[in-house]
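Naming convention: chains lettered A, B, ... in sequence-line order (proteins, then strands); numbering from 1 in each chain.
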Amino acid sequence: MLDNKYNIEEKELKWEEFWKNEGIYKFDPHSKKPTFSIDTPPPTVSGDLHIGHIYGFSQADMYARFNRMLGKNLFFPIGVDNNGLPTELLVENKKKIQAHNLPREEFAKIAQELLVGYNQKYKNLIMRAGISCDLTLGYDTIDTRSQKTSQKSFIELAKKGIAYRENKPGPWCTKCRTSVAMFELEESELDSVFNYLNFKLADNSGTIPIATTRPEFLPACVGIFVNPEDKRYAHLVGKLVKVPLFEDRIVKIYADSKVGIDKGTGIVMCCTFGDQTDVEWWKEYGLELKQAIDDGGRMTEICGKYAGMKNMDARKAVIEDLKTQGYLYKQDALTHSVKVHERCGQPIEFLTKKQWFIRTSSPELKQKWLELGNKLIWHPESMKARYISWVNNLNQDWSISRQRYFGVPFPVWYCEKCGAIKYASVEDLPVNPLSTQPKGCCSCGGKFVPESDVMDTWATSSVTPQINTNWVDDEKTANKKIPMDMRFAGRDIITTWCLRTIIKAYYHQGTLPWKELLINGWMMADKGIKISKHLSNSKMDLTQIMSTYGADVVRYFSASGAYGRDVMFNEEGLKDGYKLLNKIWNGSKFVLNFLYDYQPKKPKNILPMDRYIMHKFNETYEKTFAFYKDVEMGYAKAEIEKFFYFFCDNYIELVKNRLYKPEVYGMDAKESAQWACYNVLFKMLQLLGITMPHIAEEIYQNYFITFEKEKSIHLTTLSKIKIESENIIENGDVVIDIVSKIRQFKSENKLSLKTELEEVTICAPNISFIAECEADIKAVCGIRTLKLKQGNFDVEVGKIVEN
RNA sequence: GGGAGAUUAGCGCAGUUGGUAGAGUACCUGCCUUACAAGCAGAGGGUCACAGGUUCGAGUCCUGUAUCUCCCACCA
């Protein structure tokens, strides 16, 4: 019935085609079943895919499959995040073009063409991993519906004053020429030089020493700071200082505890803006704003003779002048960590620009985010701590504008004359203000000019529940569908995707975006090393792994360990899964051999060990079920796996004689075993299929479908085996112990397991049960005469039969 | 600097409310059981990172230390 050998790649591809063509995982909008909706996070399309990408997805898929097998109607869409800066950079790299050199429409067209291939590659991988999502429910974050949703969300929030436009200093990348969010920055160790300068006091009473790594910022120096605790400089506070090279500029000395007494000379200059502290001082002390650097990283006109120079050239020139004019008295080399833009590695500047923000950081709002976070069910619970700690530290509103090209445009125009904001009408969305003009003029008579910024990619990724529920076209229905049932994500994006999605759902629906949140860990290449492209060596090559081990084995490996924890990639783990796969195949093949004449009619008399294995299964079922419910895929998998081996190595061995030789043991004994085998094997496959969907389907389609009728095993419903309750497990375990003792005896005496034993005496408390199983015990152990004695458990082997 | 997590057998891991350390794998000894040698049956292997403390009793609770990872903040 089953092939002699299970050809992994051939079978897996076959069933993936089948699932797709038959629409096995298709959401049925007319179904009467309860819906279980999943808000799939759209992974960023930014490059090649590796085995780590499958990890989080397959764990979430197991939870999805579990829910489907509880009889729910699954809404499991698949999304791709392909708008915004990461995608733009990918397109620039691959096509060797620069977005700012091309008309937007042209760049978008090139991007869309390139993305077709990437999207497909990505969707193929998801399908190849046996993820049971509905491919017809896909969305891209740059498609029309996503654009409409983002724009509608923006207009709604802006009209309520929740989104606002303001001139604020913020991190800026001079290479990408855009503002970036704090969390898009990363640390980089750079070599630099500490320049020690003497600043002259304005009253000519002397000089003060200041160390700086960025002397080119002198033209933007707006204040000097010392620590209030620092006795050396206490007398300086309030005095005025001349800025070196720009001596017509006079700045004041302030005291502030943010100054490190031991750092540099203990005196700091504040420039607008060298770093975050400068921003804070500027705000707190109401300092002047002087911008020394422009969008592209060149010095501005306030820099006098240095204007127009690139930042680094200006630094050299300034240092040279400081030297010749006697300000510089010492230079120390140092290595310090600098914030750089994670996408391109460019050190970040702080520039002041008009940007759109969403209100997120007031104490009342933070309270709200905490409240919502507490209402959410977290898997695992411990991940909530990260969310809470992040919310508590939130101190800036969310900046959503980016001065980029490939993204969702802001649907607004501004009046040239009075600055009034004109929003597009919701019916007209999606709107690109650069190519459409609003009707008429401003009430003041001024002309409207379009906003050229695009939205940050998170502004779209944070409305996936609204995209998925089609909020743009049918707000009422969508509002009923939110909160969705579940969202899954990696733990690195709790603070970005998750929080922002919570914020948007709160503003739009006044509720949580989802009821449950699954946070998975990472698959690591080695202890503490993330998988990255340059680390994906041959042993981790995805194509290779997929063809030798297959998706089921990769999924098995993904389910190892506790949920939310990192797993370390190791091939041994794959081998374990491969072993189980092979065992499932052989075990099923063997059992099905004896089920060709199976009648789906419960026999009148079911023998004790057959009842035992069914009860034993039900016990395992309960445990496994509880683990799946708690999103503990690893424990669930381990539980059912353990039982499968037990079933093969103990139960099958025990009853195979009855199956082989009905003429000796009787037809009733065979039918009894068949009944147990059918039920236990089918239900084991259901549970195993959550982790290993392909092999379960192959076996189901070859046999069980005749009786179970459902088109796919994945559409069947989980349940225990129906059997009258009785206390049989303890008694059955004694029988297993007896067999084990005899095997031990043979093993210790270096005998073959089929060696026949002339006589065995069993001493046990409940010999009447053992007597009922006598035929099975004698058959599996090769015993000729079995003697039973009432008493404490003991197995005594008499003479062995010599051939 | 703040927060989170980890440290248990050679290896990758599990240990739920404190009560004699667990499975898998590797190694070792055997066995070709009328499915599977990619199998089966056995055996050995651990100062539970370290130092204190609470307790009759600590892998588990408390305090501290070390190493590693992640997130956040700071970095003139």
field: Dot-bracket summary - RNA chain B, pairs being Watson-Crick or G-U whose distances fall under 3.5 Å, with | when paired to another strand
entry: (((((((..((.(.....[..).))..((((.......))))......(((((..]....))))))))))))....
message: I'd like the C1' distance from rA23(B) over to rC31(B), given in whole Å.
response: 23 Å
- request: Report the nucleotide, chosen from rA38(B), rG42(B), rC31(B), that has the shortest atom-to-atom distance to any side-chain atom of Gln744(A).
  value: rG42(B)
- prompt: Which of the following nucleotides, rU34(B), rG42(B), rA41(B), is nearest to the side chain of Glu748(A)?
  reply: rG42(B)
- line: The ring-ring contact (aromatic ring centres under 6.0 Å, His included) partners of Phe644(A) (sequence neighbours excluded) come to none
message: Under 4.0 Å, heavy atoms only, any strand: does Val591(A) hit a base, just the sugar-phosphate, or nothing?
response: nothing
query: Base, sugar-phosphate, or nothing for Asp576(A), non-hydrogen atoms under 4.0 angstrom?
result: sugar-phosphate
rA51(B) to rU60(B) separation - P atoms, rounded to the nearest Å: 13 Å
query: What does Phe225(A) touch in the nucleic acid at a heavy-atom separation under 4.0 angstrom: a base, only the sugar-phosphate, or nothing?
result: nothing
message: Please determine whether a side-chain nitrogen of the Lys or Arg among Glu663(A) and Lys661(A) lies less than 4.0 Å from a carboxylate oxygen of the Asp or Glu.
response: no
message: Does Cys648(A) reach a base, just sugar-phosphate, or nothing at all? Heavy atoms under 4.0 Å.
response: base
message: Any base atoms under 4.0 Å from Ile652(A), or only sugar-phosphate, or nothing? Heavy atoms, all strands.
response: base
query: With respect to the phosphate group of rA38(B), does any side-chain polar atom (N or O) of Tyr6(A) fall under 4.0 Å of OP1 or OP2?
result: no
query: Taking the inter-plane angle between the rings of Tyr578(A) and Tyr549(A) on a 0 to 90° scale, is it parallel (under 30°), tilted (30 to 60°) or perpendicular (over 60°)?
result: perpendicular
query: Checking all strands, does Lys384(A) fall into the base, sugar-phosphate, or nothing category for heavy-atom contacts under 4.0 angstrom?
result: nothing
task: Would you indicate which nucleotide in rC36(B), rA14(B), rU34(B) comes nearest to any side-chain atom of Glu653(A)?
output: rC36(B)
- request: Give the nucleotide from the list rG12(B), rA38(B), rG39(B) with an atom nearest to the side chain of Tyr578(A).
  value: rA38(B)
task: May I ask you to decide if the ring planes of Tyr285(A) and Tyr254(A) are parallel, tilted or perpendicular, using 30° and 60° as cut-offs?
output: tilted
- prompt: Are Glu796(A) and Lys741(A) ion-paired here, with the side-chain N under 4.0 Å from a carboxylate O?
  reply: no
- prompt: Which nucleotide sits closest to the side chain of Met568(A): rC13(B), rC71(B), rA35(B)?
  reply: rC13(B)
- prompt: Is any side-chain N or O of Lys754(A) under 3.5 Å from a base N or O of rU34(B), one able to act as donor and the other as acceptor?
  reply: no
task: Among rA4(B), rC32(B), rA41(B), find the nucleotide with the atom closest to the side chain of Ser752(A).
output: rC32(B)
- prompt: Distance between the C1' atoms of rC50(B) and rU8(B), in whole angstroms?
  reply: 14 Å
message: Under 4.0 Å between a side-chain nitrogen and a carboxylate oxygen: does that hold for Lys589(A) and Asp3(A)?
response: no
- line: The nucleotide from rA41(B), rU29(B), rA35(B) with an atom nearest the side chain of Lys750(A) is rU29(B)
field: Distance below 4.0 Å between Tyr635(A) side-chain N/O and rG15(B) OP1 or OP2
entry: yes
- request: Pick the C1' atom in rA6(B) and in rG12(B), then give their distance to the nearest Å.
  value: 14 Å
message: Base, sugar-phosphate or nothing for Gly587(A)? Non-hydrogen atoms, less than 4.0 Å.
response: base
field: Rounded C1' spacing from rG44(B) to rC28(B) in Å
entry: 7 Å
message: Measuring only the C1' atom in each nucleotide, how far is rG57(B) from rA21(B)? A whole number of Å is fine.
response: 15 Å
message: Please give the distance between the C1' atoms of rA9(B) and rG46(B) as a whole number of Å.
response: 5 Å
Electrostatic pair Lys583(A):Asp649(A) at N-O distance under 4.0 angstrom: yes
field: Set of residues satisfying side-chain contact (heavy atoms from CB on, under 4.5 Å) with respect to Lys330(A), sequence neighbours excluded
entry: Tyr196(A), Asp332(A)
query: Parallel, tilted or perpendicular for Phe569(A) and Phe557(A), by the 30°/60° rule?
result: perpendicular
query: Nearest to the side chain of Arg386(A), which nucleotide is it out of rC70(B), rC36(B), rG15(B)?
result: rC70(B)
- prompt: Does Lys589(A) make a side-chain N or O approach to OP1 or OP2 of rC36(B) shorter than 4.0 Å?
  reply: no
